[in-house]
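Reviewing the structure listed below.
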Amino acid sequence: MKKYTIPNTELKVSKLAYGCMGIGGSWDEEPSTIESISNATDAITAALENGINIFDHADIYAKGKSELVFGKVLKEIKGLRDKIIIQSKCGIRFKGEPEKDSPGRYDFSYEHIINSVDGSLKRLGIDSLDILLLHRPDPLMEPEEVAKAFDEVRKKGKVRYFGVSNFNGGQITLLQNSLDFPIVINQIEISLLHHHVINDGILANQLNGRYAASTGLLDYCRTNDIQVQAWSPVALGKIFNPSLDADDNVKALAEQISIYAEEKATSKEAIVLSWLLKHPVGIQPVIGTTNTDRIINSCKADDVTLSREEWYRLFTIARANSVP
Ligand SMILES: NC(=O)c1ccc[n+]([C@@H]2O[C@H](COP(=O)([O-])OP(=O)(O)OC[C@H]3O[C@@H](n4cnc5c(N)ncnc54)[C@H](OP(=O)(O)O)[C@@H]3O)[C@@H](O)[C@H]2O)c1
């Protein structure tokens, strides 16, 4: 799989990233089972063997078990740490922490960021994260407080680069203005079934357009050299297997994906991911399947080129409306 450098970093990454949310098993306090560790090892190995070199985590995935399981695999495969890019996130807290009646919330406080980074490093069994993202915008964010925490973990060598997730342009600017180093990633949900950030651009100044807070976000990231990552790039598989009561356009989209996969002698995953890869902002899809066949199928995306006509056919079916 081809690689490129994330702007403003020395990180050379594969076109697809592997999302580790699913490798930790259940989201409870139960320890990982032998089966889930073995499945995780198979998934990570399949990703590596098919060219993926960047792995996405969060402190909360499977209540820490995704990072723990990944740490075990890192120990097993000698030299692996130095060959891959490890990214994690902080800023979401579960309800019940620290008090039983504490609500679920976002927390960009200095203390939480520092503790979260230490927790991720410990679970992963590594000295430093390549990238740390703020998971979801915290309305109570104080940019100077985040900057203080980022500065500290950076100077101590615990984190090399910083990014955000699910942020709009204004939120990124607000934070960036307090930092002495660039925000290099914004990880957001994008797929053919969740295409608003792409659709927003062509709805500009149209009376029937729906305007969202994310208007202009992709252009903002492109202008500011911020790498866009797409989470849920295959919409949890719904894009291939729409439910019986799914809208007609969703069913038509699944059919068109199958037609292109057959015509191009490739997988359906490759068609859907290559649709993201074609966008000139340079989207890095973060695939989340734990199934080794689907990982292999996904990695074929790099070999697929969609024509402009094919790209628009998928897009207009997905948006249930032609352009203009
Ligand atoms: N920043 C954020 O707020 C945020 C939010 C969500 C996720 N993420 C990151 O993004 C990564 C990917 O997200 P995601 O897991 O939602 O993405 P996804 O790749 O769209 O979905 C993966 C899920 O869909 C299932 N799936 C995939 N292909 C399928 C198919 N052909 N048929 C049936 N089921 C299929 C997988 O099951 P199998 O495992 O059985 O294949 C898995 O449960 C996560 O691992 C995480 O790292 C970030």
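In what follows, every heavy atom counts, from backbone to side chain, and hydrogens, waters and symmetry copies are set aside. Remember, it's 1-based here, ligands and their atoms both numbered in the order they're listed. Please read these numbers as outputs of a predicted model, since none were measured by experiment.
Of all the heavy atoms of M21, the ones lying under 4.0 Å from any atom of ligand 1 are found in both the backbone and the side chain. Only side-chain heavy atoms of N166 come within less than 4.0 Å of ligand 1; its backbone N, CA, C and O stay farther off. Heavy atoms from both the backbone and the side chain of S232 come within less than 4.0 Å of ligand 1. At a heavy-atom distance under 4.0 Å, atoms from both the backbone and the side chain of P233 approach ligand 1. Under 4.0 angstrom from ligand 1, there are no non-hydrogen atoms of K268. Within the 4.0 Å heavy-atom criterion, neither part of L133 lies near ligand 1.
For the 3.5 Å distance criterion, the side chains of D56 and Q187 qualify, holding a donor opposite an acceptor. The closest side-chain donor-acceptor pair between T289 and N291, if any, does not fall under 3.5 angstrom. Side-chain atoms of S14 and N53 form a donor-acceptor pair, as typed in the model, at a separation below 3.5 Å. In this model, no donor atom of one side chain and acceptor atom of the other lie less than 3.5 Å apart for Y61 and S88. Checked by atom type, the side-chain pair K65/S26 shows a donor-acceptor distance below 3.5 Å.
From the protein, the heavy atom lying nearest to atom 15 (O) of ligand 1 is G288 CA, 3.5 Å. Looking only at protein heavy atoms, the nearest one to atom 27 (C) of ligand 1 is V234 CG2, 3.9 Å. For atom 36 (C) of ligand 1, the nearest non-hydrogen atom of the protein is T289 CA, 4.1 Å. At the top of the distance list for atom 37 (O) of ligand 1, counting protein heavy atoms only, stands R294 NH1, 3.8 Å. Protein heavy atom nearest atom 31 (N) of ligand 1, with residue, atom name and distance: F240 CD1, 3.2 Å.
Among the candidates I183, D180, V159, L132, the single residue satisfying the side chain to side chain contact (heavy atoms under 4.5 Å, CB included) test with F150 is L132.
Distance alone, capped at 3.5 Å, places no donor-acceptor pair between the S274 side chain and the L277 backbone.
Comment: E269 does not engage K300 in a salt bridge, judged by the lack of any side-chain N to carboxylate O separation of less than 4.0 angstrom. Using a cutoff of 4.0 Å between basic side-chain nitrogens and carboxylate oxygens, K3 and D302 are not scored as salt-bridged. A salt bridge is absent between D138 and R105: the closest approach of a Lys/Arg side-chain nitrogen to an acidic carboxylate oxygen does not fall below 4.0 angstrom. Classification of E310 and K264 as a salt-bridged pair holds, one side-chain N sitting under 4.0 Å from a carboxylate O.
For the pair Q229 and ligand 1, no heavy-atom separation below 4.0 Å is found. Under a 4.0 angstrom heavy-atom cut-off, H57 registers as lying outside contact with ligand 1.
Note: an N/O pair closer than 3.5 Å links A235 and ligand 1 by distance alone. For L236, a nitrogen or oxygen atom sits less than 3.5 Å from a nitrogen or oxygen atom of ligand 1, counting backbone and side chain alike. Considering both main-chain and side-chain atoms, D56 comes within under 3.5 Å of ligand 1 through a nitrogen or oxygen pair.
Applying the 4.0 Å criterion to heavy atoms of R136 picks out, from ligand 1, the atoms 3 (O). Taking a cut-off of under 4.0 Å to the non-hydrogen atoms of T290, the atoms of ligand 1 that pass are 38 (P), 39 (O), 41 (O). Using a 4.0 Å cut-off to heavy atoms of Y61, the atoms of ligand 1 that qualify are 4 (C), 8 (N), 9 (C), 46 (C), 47 (O), 48 (C).
Using bins of under 30°, 30° to 60° and over 60° for the plane-to-plane angle, the ring pair H194/H196 lands in the perpendicular bin.
Shown here, atom 43 (O) of ligand 1 is out of close reach of the protein: none of its heavy atoms lies under 4.0 Å off.
Of the candidates W231, F55, Y18, W231 brings a heavy atom nearest to atom 4 (C) of ligand 1.
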